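Structure first, then comments.
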Amino acid sequence: MKKGSSIFYISLALLSIAFLSCKIKMEEEELYDKPGVNVTSNQLTIIIPHVSNDIKYVNIYRRDKKQDEIVNIGIVYNPQALQEKNYIYIDSLITKRHSYDYRVRYNIGGSYHYSEWSDSVYIENDYSIGYDESKSLTYRANGASITYEPTDYTLNFDGTILPPEIPNFASNYKPMLIIQSDKYTQAFDIPASCMDSTSNNRKIALRSLLPTNFLDTNIKIQGIVAQKTEYDDPNKPEAERQLKTIIWTAPTTLELFGVGSAKTINIPSQTGTAGLDYGRKAQ
């Protein structure tokens, strides 16, 4: 087993997060050892082994055994932690009386390598961690939709989108739009006005938003997700802070109009910004 990891610096100018779509047959790939998972009444901790000197970042996937659902729950960037010891990731967006297991995907020198699935853990009803099943930890579409306008390459939001029932959600999370091409799946910033049903401006201009690898090719709108961003030291000046962790809720699908039966969009070339590596599927 390879040890150590590499330093990885993220530009604070990036407003969105790139994630390579994973369409790799796992049975043909050598898998790294499973992450450790420790659950107590107060905390669920994922222990991610360091496996290489060339790690850039690590995606973390959670499988809800009750719902048979796999979700990309975040990215770990912290190079100091990965350089000298196993990294600790705290998963707080979990539900009582559900069982979970986890796997990670390492970006090692630009290539992707998966771990085995972890042992399963169960969230007891009397634990202080975990939400009741009645609580929603994702955006709720509530009949909301998105309409694509091909004349100006914009997306128009319509209807009321309810936020997740997470404490201090508005101050800690922001909405992101999931877009998929034939090779990539990325999450991009959604203007706050798009999520406000009372706003007169609920448009997203895709031509100025998307990077080149999403132009001149068919893309699909996969839905929306809430994102929390953590830095090594939030008290540092913005220019000196280093991106540490990205945390995602599960995604929410919105009904999409104006795209035809294929549900695809093709936008002519326009320079944009890259997104953060979400890699939605882990199988």
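Worth saying up front: this structure is predicted, and the values here are computed from it rather than measured.
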- prompt: Is Lys135 atom NZ crowded by more than 12 heavy atoms from other residues, nucleotides or ligands, each under 6.0 Å away?
  reply: no
task: Calculate, to the nearest 0.5 Å, the distance between atoms CG and CD1 belonging to Leu137 and Ile166 respectively.
output: 5.5 Å
- request: Working to the nearest 0.5 Å, report the span between OG1 of Thr249 and CG of Leu93.
  value: 7.5 Å
- prompt: Does Ile219 belong to the same Ile/Leu/Val/Met/Phe/Trp/Tyr cluster as Leu256, with side-chain heavy atoms less than 4.5 Å apart forming each link?
  reply: yes
task: For Ser128 and Asn42, test the side chains for any donor-to-acceptor distance below 3.5 angstrom and give the result as yes or no.
output: yes
message: Please check if the number of heavy atoms outside Asn200 that lie under 6.0 Å from its CG is greater than 12.
response: no
- request: Without swapping roles, check the side chain of Arg202 against the backbone of Gly159 for a donor-acceptor pair under 3.5 Å.
  value: yes
query: How would you list, by chain and number, every residue that makes a ring pair (Phe, Tyr, Trp, His ring centres under 6.0 Å) with Phe214, sequence neighbours excluded?
result: Phe188
task: Group every Ile, Leu, Val, Met, Phe, Trp and Tyr by side-chain heavy-atom contacts under 4.5 Å, then state whether Tyr89 and Ile129 land in the same group.
output: yes
- prompt: Tyr102 vs Tyr100 aromatic rings, parallel, tilted or perpendicular, using cut-offs 30° and 60°?
  reply: tilted
Gap separating the CD atom of Gln67 from the OG1 atom of Thr95, nearest 0.5 angstrom: 7.0 Å
message: Can you see whether Glu133 engages His98 through a side-chain donor-acceptor pair at a distance of less than 3.5 angstrom?
response: yes
field: Sidechain-backbone polar pair: Arg140 side chain, Pro164 backbone, donor-acceptor under 3.5 Å
entry: no
query: Hey, are the side chains of His113 and Val51 touching, using non-hydrogen atoms and a 4.5 Å cut-off?
result: no
task: Please round to the nearest 0.5 Å and tell me the distance separating atom CG of Asp216 and atom CG of Leu210.
output: 11.0 Å
message: Determine whether Gln242 and Lys236 satisfy the following criterion, side-chain contact (heavy atoms from CB on, under 4.5 Å), listing intermediate values before the conclusion.
response: CA-CA 9 Å; Gln242 185 173 345; Lys236 288 181 180 178; over 6 Å; no
query: What closest approach, in Å, do Pro49 and Tyr106 show between heavy atoms, and which atom pair accounts for it?
result: O-OH, 2.7 Å
message: Leu155 and side chain to side chain contact (heavy atoms under 4.5 Å, CB included): which single residue from Ile190, Leu209, Thr147, Ile146 fits?
response: Ile146
message: Could you tell me if the side chain of Asp64 sits less than 4.5 Å from the side chain of Val71, heavy atoms only?
response: no
message: Given 3.5 Å as the limit, does a donor-acceptor pair link the side chain of Gln227 with the main chain of Lys174, or not?
response: no
query: Between the side chain of Thr245 and the main-chain N/O of Glu230, is any donor-acceptor distance below 3.5 Å?
result: no
query: Yes or no on side-chain contact (heavy atoms from CB on, under 4.5 Å) for Ile48 and Asn86, after CA distance, side-chain angles and deciding distance?
result: CA-CA 5 Å; Ile48 304 170; Asn86 295 334; 5.9 Å; no
- prompt: Where is the tightest heavy-atom contact between Ile267 and Ile265, given as atom of each residue plus distance?
  reply: CG1-CG2, 3.7 Å
message: In the structure I gave you, are the side-chain heavy atoms of Arg241 and Asp233 within less than 4.5 Å of one another anywhere?
response: no
- request: With Gln180 as reference, evaluate Gln186, Gln222, Lys220 under the side chain to side chain donor-acceptor pair (under 3.5 Å) test and give the passing residue.
  value: Gln222
field: Steps toward side-chain contact (heavy atoms from CB on, under 4.5 Å) verdict (Ile108, Tyr32)
entry: CA-CA 12 Å; Ile108 302 176; Tyr32 283 107; 3.7 Å; yes
- prompt: Taking atom CD1 of Ile47 and atom OG of Ser118, what is their separation to the nearest 0.5 Å?
  reply: 9.5 Å
statement: Correct closest heavy-atom pair for Ile204 and Cys194 would be CG1-SG, 3.6 Å
field: Euclidean distance, Asp196 CG relative to Phe157 CZ, rounded to 0.5 Å
entry: 12.5 Å
field: Side chain to side chain, Arg97 and Tyr122, heavy atoms closer than 4.5 Å
entry: yes
message: Has Asp158 got a side-chain atom pairing as donor or acceptor with Ser145's backbone, closer than 3.5 angstrom?
response: no
task: Answer whether the closest heavy-atom distance between the side chains of Ile221 and Ile179 falls below 4.5 Å.
output: yes
message: Please evaluate residues Tyr57 and Tyr87 with respect to the criterion ring pair (Phe, Tyr, Trp, His ring centres under 6.0 Å), reporting the C-alpha separation (whole Å), side-chain torsions for both, the decisive distance (0.1 Å), and the verdict.
response: CA-CA 11 Å; Tyr57 55 86; Tyr87 192 80; over 10 Å; no
message: Taking side-chain contact (heavy atoms from CB on, under 4.5 Å) as the definition, give me every residue that meets it alongside Ser92, ordered by chain and number, with sequence neighbours left out.
response: none
message: Hydrophobic cluster membership, with links at side-chain heavy-atom distances under 4.5 Å among I/L/V/M/F/W/Y: are Leu177 and Leu162 in one?
response: no
query: Looking at Trp117 and Lys34, what are the two nearest heavy atoms and their distance?
result: O-CB, 3.4 Å
Heavy-atom side-chain proximity of Asp91 to Arg62 below 4.5 angstrom: yes
- prompt: Would you call Asp119 and Val37 a side-chain contact if the rule is heavy atoms closer than 4.5 Å?
  reply: no
message: Testing the basics here: between Ser99 and Ser120, what is the closest heavy-atom pair and its distance to 0.1 Å?
response: CB-OG, 3.7 Å
field: Charged N-O contact under 4.0 Å between Asp101 and Lys65
entry: yes
field: Side-chain heavy-atom pair Ile94, Tyr127 within 4.5 angstrom cut-off
entry: no
query: Can you name the nearest heavy-atom pair linking Tyr131 to Pro167, along with the distance?
result: OH-CD, 3.3 Å
query: What pairs with Asp152 under side-chain contact (heavy atoms from CB on, under 4.5 Å), at least two apart in sequence or on another chain?
result: Glu149, Thr154, Lys203
Short side-chain to backbone donor-acceptor contact, Thr252 and Tyr139, under 3.5 Å: yes
- request: Show your working on side-chain contact (heavy atoms from CB on, under 4.5 Å) between Ile60 and Ile75 and close with a plain yes or no.
  value: CA-CA 6 Å; Ile60 303 166; Ile75 307 176; over 6 Å; no
- request: Just do the side chain to side chain donor-acceptor pair (under 3.5 Å) check on Ser199 and Asn201 with the steps written out, would you?
  value: CA-CA 5 Å; Ser199 174; Asn201 181 16; over 6 Å; no
message: Tell me whether Asn172 contacts the main-chain N or O of Lys228 through its side chain, where contact means a donor paired with an acceptor under 3.5 Å.
response: no
